[in-house]
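Please read the structure below before turning to the comments.
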Amino acid sequence: MHTIFDYLAGELQNEYESEYDLHLKKNFSAPKIYSANGDLTKRWYIYFSYRDPSSGKLKRQTPVYANANKYKTKEDRLSVLVTYRKALIKLLKKGYSPYSDNKAVYSSLNENIKTASSKAKQESTNLKTKEVESENTVPVGVSSMPYQEAFAFGLKQKEKLINDTTRRSFENRLKNFMKWVEETHPKIQGIHEIDKKVVSGFLSDTLERTSPRNRNNFRTDLGSIMQVLFDNDIVKANIIKQIPVLKAIPKRNKTYTQDKQEEIFEYLEKEDTNLLLFIKFISYNFLRPIEVCRLKVGDIDLKNKTIKFQAKNSPMKTKIIPDLLIKELPDLTKLKKRDSLFTPDAIGAEWDTDLENKRNYYSKRFKRVVKDHFGLDKDYGLYSFRHTYITKLYRHLAKESSPFEAKSKLMLITGHTSMSALEKYLRDIDAELPEDYSHML
């Protein structure tokens, strides 16, 4: 006898089911996807409720995990769950009930499972034939939606899985791409006409004007949106997967020398104490500049000497605040907890602007006050203070313990999620240097 999961697995191969055909019977609620706010360390699943015959009330049923959580990217995991959700809707419509044996339902679905399996094999056999078909031909059953509407749909779907900063990044890159298409290919109207040749042309133009890294970022975001369109059967394939990633050498801010760092701090003591405190959160607590910009007054717990913040690699993290930094803080007890900790004119006040604007403000302020005064080039920035103090700390720890012990202690302080990530970071900033090897020569 086939189970509900057998049917769902078979339905992975089924074709498009309209998003507008989701009106379900009152015996059950519409199945929904739980994505843990995009956190891949947690389990994603489909959940729904079904009316309990004994009580007559809707009761939450066992979540459907299937094999979705083995996938390591948000796009792949969501794609699988979307397909399972569609299949579950079909199953419920056909009369499946978690409170009955469902023999009749499974019997009627038996042929559907065989058909889906046979169809999957046939599609695999015909794959090469499909690849050589003209990309400008609209396949039967595939929407010829205007590309502007298609991208707007894809972005709306992505909004549920990303934060505001990432959403703006997607939005800006899509606008740039669509503007380029309008200027260079004015006859293109439908999303099916956005083929590999068009996207490759845009990426080549971006590479000429900017850098390999920026070109790769455009490729990643466009590919992510195109995957959403593919998952919803708006396009027949994610053609951007066929476009290779270029090797890009990342640019990283240099580390300050001890003398230069002390000189900058002494100068800011007289010229800009607000900026100096901002820098000390980066230096002493090893926060990234954007993480400092996110801080609210209520994120600082002086009683327990801790700070809560949204990090690059997790929704929320907690770190201790070293006494060195606590001594620098003003009295926060009379400030509103919801106010921004850092603002242009004061510590702890309202600052109603986007996070990206806050980061840009402090970057420009640092350039105006510090970089221009000291004649520092583009290789030095706010991020350099994080590199500088992590280097200091690691070299101090390495004097008193083995490299592994030093890195293990350092991980707890910096917040790196793995030893390999920390080791790569230390190599990139040249924190690990050998002792003098003259005697070996």
Side-chain angles (χ1 to χ4, degrees), residues 35-42 159-172 265 268-269 272-370 381-387 389-390 411-417:
S35 60
N37 290 322
D39 187 351
L40 292 171
T41 64
K42 297 181 180 179
E159 284 178 351
K160 301 174 183 179
L161 299 173
I162 56 181
N163 57 37
D164 288 341
T165 303
T166 307
R167 179 190 60 77
R168 285 193 294 272
S169 174
F170 272 101
E171 196 172 45
N172 290 334
F265 277 27
L268 289 177
E269 284 282 3
D272 195 335
T273 55
N274 181 300
L275 180 58
L276 177 58
L277 185 59
F278 186 94
I279 290 172
K280 286 182 176 179
F281 267 86
I282 298 172
S283 304
Y284 300 160
N285 247 126
F286 307 116
L287 301 183
R288 299 171 178 88
I290 198 166
E291 292 168 353
V292 181
C293 290
R294 286 195 187 104
L295 292 178
K296 304 291 185 183
V297 173
D299 295 331
I300 308 297
D301 183 353
L302 293 178
K303 182 179 179 181
N304 296 303
K305 297 183 179 181
T306 59
I307 181 174
K308 291 185 178 180
F309 65 99
Q310 184 181 342
K312 175 183 178 181
N313 49 14
S314 68
M316 189 62 68
K317 297 191 74 170
T318 301
K319 282 186 175 182
I320 67 162
I321 306 175
D323 288 338
L324 187 66
L325 182 56
I326 288 179
K327 294 175 182 177
E328 302 285 339
L329 295 176
D331 183 11
L332 304 177
T333 57
K334 297 180 181 179
L335 302 178
K336 296 178 181 178
K337 293 186 176 181
R338 292 185 179 180
D339 281 349
S340 296
L341 183 63
F342 285 95
T343 70
D345 302 316
I347 299 298
E350 290 187 13
W351 193 10
D352 187 18
T353 187
D354 291 339
L355 180 63
E356 198 67 29
N357 292 338
K358 293 181 179 182
R359 176 169 64 178
N360 290 339
Y361 169 81
Y362 270 99
S363 295
K364 291 176 181 178
R365 183 166 174 170
F366 178 73
K367 180 184 183 303
R368 184 180 69 253
V369 178
V370 176
L382 288 169
Y383 226 116
S384 295
F385 291 101
R386 187 172 188 262
H387 304 333
Y389 276 82
I390 288 180
M411 272 183 64
L412 294 175
I413 300 172
T414 64
H416 284 86
T417 55

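Proximity of Leu287 to Ile307: side-chain heavy atoms (C-beta onward) are separated by under 4.5 Å at one or more points. Counting only heavy atoms from C-beta outward, the side chains of Leu276 and Glu269 approach each other to under 4.5 Å. Pro289 has its side chain out of reach of Phe366: every pair of non-hydrogen atoms, C-beta onward, lies at least 4.5 Å apart.
Taking the six-membered ring where the residue is Trp, the centroids of Phe281 and Phe342 are separated by under 6.0 Å. The six-membered or imidazole ring of Phe286 lies away from that of Tyr389, with a centre-to-centre distance of 6.0 Å or more.
Ile279 contributes atom CD1, which lies 11.5 Å from atom OG1 of Thr273 (distance to the nearest 0.5 angstrom). Taken to the nearest 0.5 Å, the CG atom of Leu341 stands 7.0 Å off from the CG atom of Leu277. Here Asn172 contributes atom CG and Arg167 contributes atom CZ; the two are 9.0 Å apart, rounded to the nearest 0.5 Å. Rounding to the nearest 0.5 angstrom, the gap separating the CD1 atom in Ile413 from the OH atom in Tyr284 is 15.0 Å. Taken from CG in Leu302 to CD1 in Ile321, the straight-line distance is 6.0 Å, to the nearest 0.5 Å. The structure places OH of Tyr383 at 9.5 Å from CD1 of Ile282, a figure rounded to the nearest 0.5 Å.
Summarising the geometry of Lys42 relative to Ala36, their closest heavy-atom pair is CB-CB, 3.8 Å, with the distance given to 0.1 Å. Smallest separation of non-hydrogen atoms from Thr318 and Lys308: OG1-CG, 3.6 Å. Closest non-hydrogen pair, Arg386 versus Thr414, comes out as NH2-O, 3.9 Å. Scanning both residues, Asn285 and Lys319, for their nearest heavy atoms gives O-NZ, 3.1 Å.
Not counting sequence neighbours, the partners of Arg168 by the side-chain contact (heavy atoms from CB on, under 4.5 Å) test are Asp164, Thr165, Asp354, Leu355, Glu356. Residues meeting the side-chain contact (heavy atoms from CB on, under 4.5 Å) test with Lys296, sequence neighbours left out: Asp299, Ser340, Lys358.
With 3.5 Å as the limit, one finds a donor-acceptor pair spanning the side chains of Tyr362 and Asn274. At a cut-off of 3.5 Å, with distance as the only test, a side-chain donor of Thr41 or Asp39 sits close to an acceptor on the other residue.
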When the side chains of residues 323-335 are checked against the rest of the protein, which donor-acceptor pairs come out under 3.5 Å, sequence neighbours left out?
residue	atom	partner	partner atom	Å
Asp323	OD1	Lys305	NZ	3.0
Glu328	OE1	Lys280	NZ	3.1
Glu328	OE2	Lys280	NZ	3.2
Asp331	OD1	Thr333	N	3.1
Asp331	OD1	Thr333	OG1	2.7
Asp331	OD2	Thr333	OG1	3.3

